[in-house]
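First up is the structure itself, then whatever we jot down about it.
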Amino acid sequence: MDLCRPSGYGFAMKKDDHLFLIDGSGFIFRAFHALPPLTRKSDGLPVGAVSGFCNMLWKLLTQARDTSVGVTPTHLAVIFDYSSKTFRKEIYPDYKAHRPPPPEDLVPQFALIREATRAFNLPCIEMEGYEADDIIATYARMAVEAGGDATIISSDKDLMQLVGPKVHMYDGMKDRQIGVPEVIEKWGVPPEKMIDLQALTGDSVDNVPGVPGIGPKTAATLLEEFGDLDNLLANAESIKQNKRRENIIASRDLVLVSRQLVTLKQDCPVDVPLDALSLEPQDGPKLVSFLKAMEFNSLTRRVAEATGAEAQAIEAAPVDVEWGADAHGPDLDPGEGKAPAAVTAPGATDGKRPADLAAARAARFASLPINRDNYETIRDLTALEGWIETARERGLVAFDTETTSLDAMQAELVGFSLALYDEDAADDGAVIRAAYVPLTHKAGQDDLLGGGLAEGQIPFDAALAALKGLLEDEAVMKIAQNLKYDYLVMLRHGITVKNFDDTMLLSYVLDSGMGGHGMDALSEKWLGHQPIPYKEVAGSGRNMVTFDYVDIDRATAYAAEDADVTLRLWLVLKPRLAAERVMTVYERLERPLLPVLARMEERGISVDRQILSRLSGELAQKAAALEDEIYELAGEKFNIGSPKQLGDILFGKMGLPGGKKTKSGQWSTAVQVLDDLAAEGLPLPSRIVDWRQMTKLKSTYTDALPGYIHPQTKRVHTSYSLASTTTGRLSSSEPNLQNIPVRTAEGRKIRTAFIANPGHKLLSADYSQIELRVLAHVADIPQLRQAFADGIDIHAMTASEMFGVPVEGMPGDVRRRAKAINFGIIYGISAFGLSNQLGIERSEASDYIKRYFERFPGIRDYMEATKERARDVGYVETIFGRKIHYPEIKSSNHQVRSFNERAAINAPIQGSAADIIRRAMTRIEPALGEAGFAERAKMLLQVHDELIFEVEDDAVDKTRAVIVDIMENAAMPAVSMAVPLKVDARAAHNWDEAH
DNA sequence: CCCCAACCGTA
DNA sequence: GTACGGTTGGGGG
């Protein structure tokens with residue numbers, strides 16, 4: 001049983017209190033069929049039933065006292081069906097057997113209506129094994145016993161048996177009360193005889209049998225005559241009509257079963273007490289936020305007025321359309337909601353369902369020409385204000401910034417572009433209007449004296465103030481491509497973009513694995529259009545100029561086109577989210593992370609120049625000493641850094657054994673090869689390996705990192721990419737802070753240069769074995785689950801299972817092999833790979849794998865099932881529903897196919913782990929804020945399974961507790977993991993000691 | 001000036 | 001055997 005409301009227990013129910021029980025499930029179906037179909041304007045998400053539900057709730061909560069019901073609720077709950085597996089199925093297996101699956105357009109609304117209930121700050125109650133009607137019956141009884149009244153908001157005849165002096169019904173859609181007289185009027189019997197009546201008539205919808213030929217009228221007459229069902233059955237012989245008498249006698253047993261089926265259970269073991277249902281005050285902002293996300297404009301306005309909430313200032317809530325594991329509507333198998341919706345062929349333009357809208361949009365924009373001649377240059381404030389006003393009316397605008405640098409932390413704003421959409425424009429060319437607003441273009445081309453500003457540009461501060469109003473307006477959806485960049489640039493100007501979508505992230509969520517998500521690729525793919533290449537505007541190489549030196553007319557063509565293309569991409573991609581069931585992935589795992597990452601990048605991390613400089617010196621000395629030795633041993637000088645020259649020396653000139661060739665026919669000089677030679681006792685290869693390590697550390701880290709220290713902030717600001725891996729991981733660049741050395745002592749010294757500010761510590765929190773835990777969960781392996789539950793060394797356990805060696809006193813090499821196998825499994829193991837990793841024969845590696853699968857058959861089953869699924873549908877999924885496509889999984893080329901199979905096996909594991917830490921990252925800042933540590937603990941870096949924070953000394957212990965808690969529970973409530981997640985966290989002055 | 005291969009750092 | 005990004009050398013234009 002689930003009470004999805006955070007508030008605690010309310011006031012005890014007492015005499016004269018009034019409990020309202022809303023039949024949520026009944027309402028959904030009725031509203032869906034009774035109300036005209038309604039879809040969310042921006043993306044076609046079906047929301048008709050949600051709209052009806054919200055309007056009904058609002059009406060109940062505000063107007064109940066005056067008119068419709070005549071009473072004011074003191075307690076209220078919304079009750080839902082949980083699943084079709086109820087006790088009635090056990091009594092009668094055919095119960096509800098013929099019920100068709102819910103309509104496609106209704107499925108997403110189940111979750112939304114629960115979300116709506118929470119937004120209204122009302123408890124929503126559901127219980128496994130019981131229907132909503134039984135829970136309603138139970139609470140109604142409890143309310144009456146407590147001395148109060150109950151009103152059931154429903155018009156379902158199945159509930160009418162409950163009506164009595166203290167229990168009422170109210171039809172929220174017809175605004176009509178149903179009391180004892182109304183029941184008699186409609187059915188011809190009083191409420192207490194409804195059970196008998198239903199048992200006689202049966203119910204074709206629920207597949208309750210009943211007596212053939214007896215409908216409500218006859219049943220009522222019979223009950224009138226015989227008093228009740230038992231008496232009727234006992235005296236059935238006395239019925240005059242032949243056919244009727246025979247039927248009743250023949251159906252006797254089934255009628256008794258029917259009576260059991262239609263009798264509501266008034267003693268469900270509810271574990272949410274009545275008192276917890278007391279009506280709480282509305283949370284205006286929360287409700288407005290939800291309604292806004294649903295785009296119910298008039299209700300949003302009414303609610304904002306009534307609650308005094310500032311609608312303008314409230315952000316639309318991320319909408320919780322759980323298509324994934326935690327979605328459950330009545331009779332909805334959890335997997336059912338995730339099935340790919342067929343995108344209907346272009347031409348299907350009824351425009352009602354998301355798939356139709358998506359198909360229609362794709363077809364339309366694939367051939368809608370882009371005319372750069374229509375772009376405007378906005379050169380005065382009045383014109384800009386006009387565009388912004390129109391953007392507010394439309395509630396939708398694409399924007400893009402033009403700057404002097406690709407580095408958002410260094411970039412200076414040069415101008416920005418806007419694009420507007422007019423769905424109803426008469427002329428196809430006017431459907432989208434785009435404009436560029438130049439701000440700081442220089443007067444001269446690039447001559448030394450051309451320092452002045454070009455004419456005809458709005459003063460920077462005035463334009464930015466106007467732009468701020470637009471970007472921070474919650475009521476206007478802002479659309480951009482790779483928004484994190486623009487977000488950060490605007491953040492540096494004191495502007496926080498609110499209510500946005502990012503076309504790059506849309507594409508990433510929809511088409512991961514199907515190619516890049518950059519604007520040029522997307523434009524080509526969806527619009528059949530090639531945007532002006534940047535280098536044609538700003539030049540390239542030595543001739544390249546920063547954007548402020550680009551001629552304003554050329555800049556307009558380029559910049560306005562970017563906004564234009566972005567808007568078109570949004571129109572094509574956004575409806576696909578709902579159609580292809582990845583709305584939740586986008587709204588929960590992608591979009592909310594964007595501002596989090598922007599803030600992390602803005603904060604940067606302190607790096608100690610002195611330490612790096614000293615390390616550079618040390619490394620240079622060590623490398624120089626090794627160089628001398630190497631030349632001595634080789635007998636000549638050569639470029640050690642050139643694999644070609646090195647290979648020729650080692651395997652050509654010196655004729656060392658064990659040479660392997662690379663793809664291109666060169667001698668391989670990879671560590672593997674050199675290590676093998678070193679093991680033979682040869683000094684040269686070993687020196688070369690050491691030299692490589694020293695020069696690698698020097699060039700990639702100690703020499704390069706200081707160059708990334710920002711001139712103003714004095715910190716290093718990496719850039720995270722949200723959309724450059726197929727699996728959902730982030731990547732880091734310029735500099736890459738996700739590959740700072742840790743494995744060797746020499747390398748770890750580099751980490752000592754990453755330090756906390758005075759009075760602070762660096763706190764590192766990392767997931768322990770997260771990928772193996774995910775594997776244990778998804779493949780459901782009993783031994784793995786047990787080992788993680790018991791906190792046992794997982795590699796030792798594997799070794800013990802495989803080789804029959806006891807965990808106590810296990811030789812290191814045995815454990816090492818098991819560890820390699822465990823990693824191999826995650827990587828989609830092959831005998832070839834494992835033999836390479838362990839330096840053993842292929843046949844031996846094959847034996848290991850065979851033995852592993854014998855001990856863990858569930859893993860083999862998981863791998864086979866994953867491959868098969870990838871072949872069938874073309875993609876695999878993480879536990880949160882992120883899809884990763886493998887278009888080449890059926891390649892006839894064995895190499896290509898095998899590679900895709902291994903990647904497909906790895907992706908759900910790596911990707912689920914990535915999703916988990918994403919969830920943690922979006923929750924940690926709010927959690928720290930609630931704990932009062934927002935200003936004292938800052939998240940700085942993410943390294944796949946590790947988060948690094950900078951924390952005030954005094955706040956370390958408390959923030960660590962908050963962070964560990966959020967991280968360990970990050971999968972909940974969407975996924976309840978079968979194994980616990982474990983997080984280790986330490987704080988120290990530098991990253992080496994904290995890790 | 002651009003691109004690729006080889007190598008190697010991380011999870 | 002999975003997923004990345006950065007540096008270097010070297011070939012081509």
Side-chain angles (χ1 to χ4, degrees), chain A residues 512-513 535 539-544 638-647 661-674 688-689 691-701 703-705 707-708 718-721 724-744 746-748 750-751 766-772 775 820-838 842 845 848-849 863 876 884 895 898-911 913-914 917 941-946 995:
Chain A
S512 184
K535 54 183 179 193
S540 67
R542 60 193 295 117
N543 300 316
M544 190 161 73
F638 64 101
N639 187 343
I640 311 169
S642 163
K644 183 173 147 63
Q645 292 183 35
L646 179 62
K661 294 284 181 78
T662 66
K663 274 202 288 277
S664 60
Q666 295 270 313
W667 292 109
S668 168
T669 63
V671 240
Q672 286 271 353
V673 177
L674 299 182
I688 290 165
V689 169
W691 180 88
R692 280 219 183 125
Q693 194 194 15
M694 299 309 141
T695 52
K696 168 90 175 175
L697 294 176
K698 186 167 184 289
S699 67
T700 309
Y701 302 104
D703 286 353
L705 279 171
Y708 288 103
T718 184
S719 173
Y720 289 104
S721 171
S724 61
T725 73
T726 49
T727 54
R729 274 194 177 179
L730 303 179
S731 77
S732 157
S733 63
E734 294 178 283
N736 181 355
L737 295 185
Q738 290 180 324
N739 72 344
I740 302 302
V742 72
R743 288 178 192 181
T744 65
E746 200 65 38
R748 264 202 303 278
I750 290 160
R751 291 194 170 216
D766 66 296
Y767 283 105
S768 162
Q769 310 275 21
I770 188 168
E771 293 192 349
L772 281 173
L775 174 68
I821 294 167
N822 277 333
F823 276 101
I825 294 296
I826 291 171
Y827 298 152
I829 204 149
S830 75
F832 177 79
L834 185 64
S835 66
N836 272 336
Q837 176 68 29
L838 287 176
R842 279 266 279 284
Y848 282 3
I849 295 169
M863 289 181 154
V876 295
I884 300 122
Q895 283 239 351
S898 298
F899 177 78
N900 276 273
E901 287 174 351
R902 291 192 297 272
I905 287 167
N906 172 258
I909 303 169
Q910 187 187 115
I917 199 166
L941 302 179
Q942 190 250 40
V943 191
H944 307 310
D945 64 359
E946 176 189 16
H995 183 74

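In this text the structure is predicted, and so the values were computed from the model without any measurement. Residue numbers start from 1 in every chain, and the chains themselves are labelled A, B, ... in the order their sequence lines are given, proteins ahead of strands. Atom set for the values below is all heavy atoms of this structure, side chains included, hydrogens, waters and symmetry mates excluded.
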Nearest-neighbour nucleotide for the Ala704(A) side chain, dC1(B), dG9(C), dT7(C) considered: dT7(C)
Is there a side-chain contact between Tyr767(A) and Glu946(A) in this structure, where contact means two heavy atoms from C-beta onward sitting under 4.5 Å apart? no
Per-nucleotide protein contact along nucleotides 5-11 of chain B, 5' to 3', at a 4.0 Å heavy-atom cut-off (B base, S sugar-phosphate only, - neither), is SSSBBBB
Just to confirm, is there a sub-4.0 Å distance from OP1 or OP2 of dG5(C) to any side-chain nitrogen or oxygen of Ser731(A)? yes
Spell out, as yes or no, whether a donor-acceptor pair under 3.5 Å connects the side chain of Arg751(A) to the backbone of Ile740(A). yes
Please check: side-chain N/O of Ser733(A) versus main-chain N/O of Asn736(A), any donor-acceptor pairing under 3.5 Å? no
Pair partner, dG13(C) [Watson-Crick or wobble, under 3.5 Å]: none
Checking dA3(C), dG6(C), dG9(C) against the side chain of Thr700(A) (C-beta onward), the nearest is dG6(C)
Can any side-chain N or O of Gln645(A) pair as donor or acceptor with the backbone N or O of Asn639(A) at less than 3.5 Å? yes
Under 3.5 Å, side chain of Ser898(A) to main-chain N/O of Gln895(A), donor-acceptor pair present? no
Shorter than 3.5 Å, N or O on both sides, protein versus nucleotides 11-13 of chain C: list them out with atom names.
none

Under 3.5 Å donor-acceptor, Asp945(A) side chain and Asp766(A) backbone: no
Is a side-chain donor or acceptor of Thr727(A) paired with a backbone partner of Ala907(A) at a separation under 3.5 angstrom? no
How many Å lie between CZ on Phe899(A) and P on dA3(C), as a whole number? 4 Å
Rounded distance in Å - CD (Gln645(A)) to P (dT8(C)): 16 Å
Just to be sure I understand the rule, does Gly828(A) reach a base, reach only the sugar-phosphate, or reach nothing, if contact means heavy atoms closer than 4.0 Å? nothing
Answer yes or no: is there a donor N or O on one side and an acceptor on the other, between the side chain of Tyr720(A) and the main chain of Gln942(A), under 3.5 Å? yes
Which part of the nucleic acid, if any, lies within contact of Ala904(A), taking any heavy atom under 4.0 Å across all strands shown: a base, the sugar-phosphate backbone alone, or nothing? nothing
Would you classify Ile826(A) as touching base, sugar-phosphate or nothing, given that sugar-phosphate means primed atoms plus P, OP1 and OP2, and contacts are heavy atoms under 4.0 Å? nothing
Classify the nucleic acid contact of Ser732(A) as base, sugar-phosphate or nothing, counting any heavy atom under 4.0 Å across all strands shown. sugar-phosphate
Examine distances only and state if a side-chain atom of Thr669(A) and a backbone atom of Pro643(A) form a donor-acceptor pair shorter than 3.5 Å. no
Would you say dG10(C) has OP1 or OP2 under 4.0 Å from some side-chain N or O of Ser642(A)? yes
Interatomic distance where CG belongs to Asn639(A) and C1' belongs to dT7(C) [whole Å]: 13 Å
